[in-house]
Amino acid sequence: MKTSASLDSDTGGESDTASESGLVVAVDGPSGAGKSSASRGAAIALGLRYLDTGSMYRALTWWLLDQGVDVSDAAAVARLAAEPVIEVGTDPRAPWTRVNGADVSAAIRTREVTGAVSAVATVPQVRAHLIGQQRDIIANAPGIVAEGRDIGTVVAPEAPVKVFLTAESAARAGRRAAEANWSAVSTRHDQDRRDRLDAPQSGQAADAVEIDSTRLDLDQVVEVIVRLAREYAGLPHPHRPTR
Ligand code: DC
């Protein structure tokens with residue numbers, strides 16, 4: 001299978017980073033918990049690459065919509081799951097997503113794709129295909145932070161560092177609405193629907209460390225993930241001045 005990840009630029013790791021260690025950090029949790037920002041921040045701090053598995057489900061959904069496929073037709077979605085070439089960039093400073101060579105990094109974040117992606121992600125053939133690609137990307141990376149819904153349970157259950165990032169529903173919807181400039185009420189409604197649809201594909205590994213980000217800022221969440229990874233890798237935690 002084609003390995004569909006690349007690192008466009010050096011992540012600039014220092015000698016005491018976890019890069020080249022093969023370390024896999026799994027970050028799972030519901031939408032709006034802050035997984036992407038926290039995973040990217042942790043990957044940068046640790047000198048690791050970064051995999052956003054949700055972007056791959058979004059990319060397939062974008063392509064299906066672009067082809068005029070009815071995404072509620074599971075048989076059609078299953079038949080076409082492996083048709084487009086989906087590639088992702090794993091530089092945590094500048095991740096990108098491509099479908100058949102075209103950059104769709106922005107297009108996969110629209111409300112239309114966000115509303116349709118859960119239906120696509122529930123199709124078993126879609127999951128089998130994309131999980132295979134995700135495992136190849138992880139296996140070929142010198143060390144990576146991978147985020148999604150099932151990384152610690154299905155994609156990379158052997159990952160030695162697992163985080164389940166959560167937040168209260170209202171806080172998650174509030175962040176999403178502020179980021180995308182959407183109304184808070186409709187965002188909460190859409191989020192509740194997606195939570196329900198994504199639940200069967202989502203899991204918290206028994207050995208995952210749960211972080212509730214409701215009252216934490218991004219730096220604090222990154223710091224917890226970095227500390228867990230450095231402890232596992234036997235690296236000293238950098239001194240932080242107390243405020
Ligand atoms: O994290 P996100 O909102 O970009 O994810 C997009 C969709 O893909 C969401 O409906 C959940 C689904 N998804 C999944 O089923 N498994 C993953 N590993 C990642 C995302």
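Atoms within a ligand are numbered from 1 in the order they appear, just like the ligands themselves. What you are looking at is a predicted structure, and each value in this text was computed from that prediction instead of being measured.
Distance alone, capped at 3.5 Å, places no donor-acceptor pair between the Asp28 side chain and the Phe164 backbone. With Ser37 contributing its side chain and Gly34 its backbone, the two residues share no donor-acceptor pair below 3.5 Å.
At a cut-off of 3.5 Å, with distance as the only test, a side-chain donor of Arg188 or Ser169 sits close to an acceptor on the other residue. A side-chain donor from one of Ser186 and Arg111 sits under 3.5 Å from a side-chain acceptor of the other.
Among Lys35, Arg194, Met56, Arg149, the residue whose heavy atom lies nearest to atom 1 (O) of ligand 1 is Arg149. Summarising the contacts of atom 2 (P) of ligand 1 with Arg58, Arg109, Glu147, the nearest heavy atom is found in Arg58.
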Under the criterion side chain to side chain donor-acceptor pair (under 3.5 Å), I'd like the reasoning laid out for Glu147 against Ser36: C-alpha separation, chi angles, the key distance, then a yes or no. CA-CA 7 Å; Glu147 60 132 319; Ser36 295; 2.6 Å; yes
Please report the C-alpha distance between Thr166 and Asp212 in whole Å, then the side-chain angles of each, then the deciding distance to 0.1 Å, and finally whether the side chain to side chain donor-acceptor pair (under 3.5 Å) criterion is met. CA-CA 5 Å; Thr166 182; Asp212 183 339; 5.7 Å; no
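Ligand 1 has no nitrogen or oxygen under 3.5 angstrom from a nitrogen or oxygen of Ser31. Between Ser118 and ligand 1, a contact under 3.5 Å exists for at least one N or O pair. The shortest N or O to N or O distance between Arg127 and ligand 1 is under 3.5 Å.
Heavy-atom contacts of Ala121 reach the following atoms of ligand 1: 12 (C), 15 (O) (cutoff under 4.0 Å). Taking a cut-off of under 4.0 Å to the non-hydrogen atoms of Thr53, the atoms of ligand 1 that pass are 17 (C), 18 (N), 19 (C). Per-residue contacts place Asp198 under 4.0 angstrom from the following atoms of ligand 1 (heavy atoms of the residue considered): 9 (C), 10 (O), 11 (C).
Scanning the protein heavy atoms around atom 18 (N) of ligand 1, the nearest turns out to be Asp150 OD1, 2.8 Å. Closest protein heavy atom to atom 20 (C) of ligand 1: Gly54 CA, 3.6 Å. Looking only at heavy atoms of the protein, atom 8 (O) of ligand 1 is closest to Tyr57 CB, 3.6 Å.
Counting heavy atoms from C-beta on, the side chains of Val117 and Leu60 never come closer than 4.5 Å.
A cation-pi contact, defined as under 6.0 Å to the ring centre and within 45° of the axis, is absent between Arg58 and Trp62.
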